[in-house]
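Given the structure is predicted, the values throughout are model-derived calculations rather than measurements. Residue numbers begin at 1 in each chain, while the letters A, B, ... track the order of the sequences.
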Amino acid sequence: MAKSGFYGPLEQVNECLWRIPKSYKEGMRVDGLIFADEKLMELIRKDQAAEQVANVAFLPGIQRASLAMPDIHWGYGFCIGGVCATDPNEGGVISPGGVGYDINCGVRLVRSSLFYQDVKPHLKRLMDTLYTHVPAGLGQDGKYHFSHKELRQLMGQGASYLKKRGLVTANDLEHTEAGGYLNTAEPDSVSERALTRGSQQCGTLGSGNHFLEVQVVDAIFDAEAAETMGLEKDMVCVMIHSGSRGLGYQVCDDALRELRQAPAKYGIHLPDKQLVCAPVNSDEGRQYLGAMSAAANYAWCNRQLLMWQARESFELVFAKGWEALQMSLVYDVAHNIAKLEEHDVNGTQKKVWVHRKGATRAFPKGHPEIPSQYAAIGQPVIIPGDMGRASWVLVGAQGSMEQSFGTACHGAGRVMSRTAAVAHAAGRRIDQELLAKGIEARARSWRGLAEEQPDAYKDVDLVVDVVHRANLARKVARMRPIGVVKG
DNA sequence: ATGTAC
């Protein structure tokens, strides 16, 4: 639990990669590998994240290495920013801590036909309208209500469930990772309590680092990829970051309790109780996989409904339909999820369970699982930064398949704890500081804004630079915020 | 992240 620094071995492999050799601790089955440059590694050494990378290497069935992205920081059991793949045929396990409490937390990006000069005179009203129409904050209910029976159908079908209500289009589904649907979902494995928590929260933002931002394309780094995504300099976009709300939290909480005895039962030795896990091929493992997948499907519906409310807000302010405003979904990525994928492991094609906890899938061009529109450029990788500086759009690169099971980073990563950030904000008005930079912020709580202030995060440009140089993903466009809605 | 705890 201690958050003091990491003093174990870290061998620099190249300018963007560091190794914790498996000889570090008896029980490590593979090396730990962390993608970072020297500057970010200094920050990473300050907490126990690297120790957690080593601990994950103990998991049965782990393939190649226990991996971490440059935005890693300490988390429950697994660090946030961690990646691990397990082979069910080698006793591979599934672990709730490797997915995180917010199952299928993720990000989506919506483009528009509007440019900064079109929006600037209406920005205040746009942000007021978004703030009114997009529910945000801890425990907040939304306008969409689902009975338990409807929720089970929703979780069984994913985002396409919303089709019959006219709240999703075929194009939206096409531009959502996995089509917004995991076929491993078992809605009956989700507890009544989780259903109760989720029944009025689908289509709500939540709190913490979740947000809706109005952003402007600040700079383009890859003209071909940007054009394919329909992005141009100064274009106004909407970025949405949210997950599975109270429902996903409850699924994770239930699973941690249900799996408590599983490691002992299956003879799994763990260096940290928080790595609680079960073989994929066990009753306990299957139960969690079914519930986790169902919660993931709920999260895709949540982000879809959030986007829909954003489209409606733009319609009100600009007096045009969202289709006329060309508010199409560029892409939606999950960054807290475990998925069965095919990967090359030492020359053999294997189906492995890839855990991504605070890490984004980044499949390169030509991969069969990305939409045909992006076949020639690679999968869009959406990276939120902080509300005062930047966010990024990248595309998956070939090196991700060779090095990280098709994965890149997921954000900037904190440099300040929430408590430290609040102390640092004492006597300040973060909303006015943002306004001075041309950013209209709307937040439910002063404290929430204080916790999320730009200074509380690493510089996302530096994090993105590492995944670009490591050839995990390639820079396409830098986005700057002009409006923020927070819980 | 989360009705910061049943």
Side-chain angles (χ1 to χ4, degrees), chain A residues 1 3 47 49 52 71-82 95-108 135-142 145 148 151 190-212 240-258 260 274 276 288 291-292 295-296 298-300 302-303 306 333-338 355-360 384 386-387 410-414 416-422 443-452 456-457 485-487:
Chain A
M1 215 66 70
K3 295 184 85 176
D47 70 18
Q52 295 187 311
D71 52 332
I72 56 166
H73 50 104
W74 185 87
Y76 184 90
F78 295 60
C79 65
I80 292 148
S95 175
V99 171
Y101 267 91
D102 191 5
I103 295 163
N104 189 5
C105 185
V107 200
R108 66 171 54 192
L138 192 65
Q140 280 294 311
D141 290 348
H145 297 179
H148 287 199
L151 272 183
V190 175
S191 67
E192 288 293 316
R193 195 167 172 205
L195 295 174
T196 300
R197 292 184 71 171
S199 68
Q200 302 192 335
Q201 289 190 331
C202 207
T204 69
L205 209 45
S207 62
N209 62 4
H210 291 166
F211 65 76
L212 180 148
I240 293 167
H241 179 203
S242 189
S244 49
R245 310 288 286 102
L247 182 141
Y249 179 96
Q250 193 61 45
V251 166
C252 179
D253 207 44
D254 290 341
L256 290 171
R257 206 171 326 103
E258 285 155 8
R260 207 177 294 162
Q274 294 186 350
V276 61
Y288 171 67
M292 182 273 294
Y298 176 94
W300 273 310
N302 183 37
R303 288 197 290 279
L306 286 164
V333 292
H335 57 220
N336 277 15
I337 202 161
H355 297 63
R356 296 191 181 94
K357 180 190 193 176
T360 313
D386 66 74
M387 61 176 151
H410 91 304
R414 297 191 75 91
M416 235 180 254
S417 70
R418 292 188 176 277
T419 349
V422 170
R444 290 263 164 187
S445 75
W446 175 88
R447 194 188 170 87
L449 213 52
E451 289 176 352
E452 293 294 312
Y457 284 90
V485 177
K486 295 286 294 183

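Positionally, the nearest nucleotide of DNA chain B for Arg245(A) lies more toward the 5' end than for the other of Arg245(A) and Arg257(A). Each of Leu205(A) and Arg193(A) was assigned the nucleotide of DNA chain B with the nearest heavy atom; the assignment lying further toward the 5' end belongs to Leu205(A).
With rounding to whole Å, Asp254(A) atom CG is found 15 Å from dA5(B) atom C1'. Rounded to a whole Å, the CZ atom of Arg447(A) is 15 Å from the P atom of dT2(B). Between Asn104(A) atom CG and dT2(B) atom C1' the separation is 16 Å, expressed in whole Å. We find that CZ of Arg418(A) is positioned 11 Å from C1' of dT4(B), with the value rounded to whole Å. Distance Asp102(A) CG to dT4(B) C1': 15 Å, rounded to the nearest Å. Rounded to an integer number of Å, the gap from NE2 of His241(A) to C1' of dT2(B) is 14 Å. Separating the OH atom of Tyr76(A) from the P atom of dT4(B) is a distance of 17 Å, rounded to the nearest angstrom. Atoms CG (Leu138(A)) and P (dT4(B)) sit 7 Å apart, rounded to a whole Å.
Taken from OG in Ser207(A) to CZ in Arg444(A), the straight-line distance is 11.5 Å, to the nearest 0.5 Å.
Within the nucleic acid shown, Gly243(A) has no heavy atom closer than 4.0 Å to any nucleic acid atom. Among the heavy atoms of the strands lying under 4.0 Å from Gln201(A) are primed sugar atoms or P, OP1, OP2 only; no base atom is included.
Note on ring orientation: taking the six-membered ring where Trp is involved, the planes of His410(A) and His335(A) are perpendicular (angle over 60°, cut-offs 30° and 60°).
When atom types are taken as modelled, the side chain of Asn336(A) and the backbone of Cys105(A) share no donor-acceptor pair closer than 3.5 angstrom.
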**Request:** List the steps and the verdict of side-chain hydrogen bond (donor to acceptor under 3.5 Å, both in side chains) for His73(A) and Asp47(A).
**Result:** CA-CA 7 Å; His73(A) 50 104; Asp47(A) 70 18; 5.6 Å; no
